[in-house]
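Structure first, then comments.
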Amino acid sequence: MSSSAGSSARPSRRRPAVPTDSGGLFGRLDALAGGWTDDALAHAVASGRTVRIKRGVFALATECGDRGPDALRQANLRLARATARLCTRAVLSHASSAIAYDLPTVCALDRPCLTVPAGTALRRLSQVHLHRATLAAQDVTSVGGLPATGPARTVLALAREHGVDAGVAAADAALHLGRTSLTALEHALGQCAGWPGRAAAGKTVRLCDGRAESALESLSRLRLARFAVPPPEPQVELGDEWGRFVGR
């Protein structure tokens with residue numbers, strides 16, 4: 001039986017879209033301001049449409065369906081970003097900052113990395129690897145709307161924590177992509193005097209080469225050096241006997 005013309009339409013159960021940040025995250029207060037309720041959020045999580053990343057920080061399930069080799073990197077960065085949203089003193093650093101800059105990470109990615117100054121309350125900073133350090137204004141930049149250590153400091157932090165392989169792979173990429181310069185790396189190295197892992201950072205600066213176009217190319221160059229093989233000349237163009245381009 002058709003409804004009468006004067007009857008009211010059934011109210012829609014569709015919730016308004018929640019504005020997410022550039023990393024696909026939104027907070028509880030964002031959702032409430034957008035017309036959601038706590039019950040609606042709980043139902044969205046229970047139904048699998050929304051994922052709770054941290055207490056009070058969520059992402060749409062479509063933003064968390066990572067597959068392939070980058071899945072672990074994106075999960076690391078997502079948790080780092082969610083945690084940083086809860087602590088204004090936290091800065092993305094080390095591997096998490098490298099992922100934000102799209103640099104290779106030749107290291108374990110089981111826990112996101114954040115740097116905080118001494119005296120920071122740690123109640124909301126669980127599930128992450130915390131580094132305590134004083135960061136000057138010039139040591140911090142913004143990536144995706146959140147503070148992160150600058151590219152040069154990020155590269156050397158990777159080297160100091162994870163060794164030369166991790167440092168050189170990231171340094172080569174940062175130079176190749178124009179994220180940093182050799183001068184900036186040398187300046188950042190000067191700030192590391194007396195820090196743990198400074199020797200690995202120094203070796204990273206000496207061995208990096210922005211002509212490398214992949215982490216595997218960087219690592220193969222390091223392996224050749226360890227066996228005293230003369231260093232290769234990267235990206236050489238080859239031609240035939242008539243001077244026509246053959247390959248690179």
Side-chain angles (χ1 to χ4, degrees), residues 66-78 80 92-113 129 139 141 143-144 148-192 195-248:
D66 304 321
R67 296 290 186 273
D70 279 343
L72 189 58
R73 283 168 54 91
Q74 294 310 312
N76 179 293
L77 181 58
R78 189 161 46 244
L92 302 183
S93 65
H94 296 70
S96 297
S97 180
I99 296 169
Y101 290 121
D102 198 26
L103 302 179
T105 45
V106 184
C107 59
L109 297 175
D110 51 334
R111 285 194 299 166
C113 294
H129 185 184
D139 296 327
T141 186
V143 181
T149 53
R153 178 148 181 159
T154 294
V155 164
L156 297 193
L158 278 176
R160 291 192 303 106
E161 183 172 23
H162 298 289
V164 176
D165 284 1
V168 170
D172 285 0
L175 291 170
H176 184 76
L177 295 171
R179 304 274 194 268
T180 191
S181 65
L182 185 58
T183 298
L185 288 171
E186 291 171 340
H187 176 74
L189 180 63
Q191 297 178 307
C192 295
W195 294 5
R198 203 269 186 189
K203 196 169 184 179
T204 292
V205 174
R206 293 195 302 273
L207 295 177
C208 63
D209 188 335
R211 294 175 295 175
E213 295 182 342
S214 72
L216 288 179
E217 187 176 340
S218 302
L219 295 176
S220 65
R221 189 178 76 247
L222 292 178
R223 296 299 181 272
L224 292 174
R226 289 174 188 174
F227 288 100
V229 176
E233 184 70 20
Q235 320 315 339
V236 174
E237 292 190 355
L238 304 177
D240 61 17
E241 60 267 39
W242 295 284
R244 294 177 300 192
F245 175 78
V246 173
R248 178 167 161 272

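Computed over heavy atoms, backbone and side chain alike; hydrogens, waters and symmetry mates excluded.
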Q) Please walk me through it: do L189 and R198 pass side-chain contact (heavy atoms from CB on, under 4.5 Å)? A) CA-CA 8 Å; L189 180 63; R198 203 269 186 189; 3.7 Å; yes
Q. Which distance, rounded to the nearest 0.5 Å, do you find between the SG of C113 and the CG of L77?
A. 11.5 Å
**Q.** Side chain to side chain, D139 and Q191, heavy atoms closer than 4.5 Å
**A.** yes
Q: Evaluate the side-chain proximity of C208 to L182: yes if any heavy-atom separation is below 4.5 Å, no if none is.
A: yes
Q.
Could you tell me if the side chain of Y101 sits less than 4.5 Å from the side chain of T141, heavy atoms only?
A. yes
Q: Return the minimal non-hydrogen interatomic distance between S93 and T149, and the atom names on each side.
A: CA-OG1, 3.6 Å
Q: Quick one: closest heavy-atom pair of V246 and G239, and the distance?
A: CG2-C, 3.7 Å
Q | From CG (L238) to CZ (R244), nearest 0.5 Å | A | 14.5 Å
Identify all side-chain donor-acceptor contacts of residues 158-175 below 3.5 Å with residues at least two apart in sequence or on another chain.
from	atom 1	to	atom 2	distance (Å)
R160	NH1	P196	O	3.0
E161	OE2	H129	ND1	3.3
D165	OD1	R223	NH1	3.4
D165	OD1	R226	NH2	2.7
D165	OD2	R223	NH1	3.2
D165	OD2	R223	NH2	3.0
D172	OD1	D209	N	2.6
D172	OD1	R221	NH2	3.3
D172	OD2	S218	OG	2.6
D172	OD2	R221	NH1	3.0
D172	OD2	R221	NH2	3.0

Q: Determine, for R211 against E217, whether the closest basic-nitrogen to carboxylate-oxygen distance falls under 4.0 angstrom.
A: no
Q: Evaluate the criterion side-chain contact (heavy atoms from CB on, under 4.5 Å) for residue pair T204 and L185; output intermediate values, then yes/no.
A: CA-CA 9 Å; T204 292; L185 288 171; over 6 Å; no
Q. Sequence neighbours excluded, which residues qualify as side chain to side chain donor-acceptor pair (under 3.5 Å) partners of R73?
A. T105
**Q.** Atom of N76, atom of S96 and distance for their closest heavy-atom approach
**A.** OD1-OG, 2.6 Å
Q: Under the side-chain contact (heavy atoms from CB on, under 4.5 Å) rule, collect the residues that match up with L216, sequence neighbours excluded.
A: S214
(Q) A side-chain contact here means heavy atoms from C-beta on lying under 4.5 Å apart; do T154 and L92 qualify? (A) no
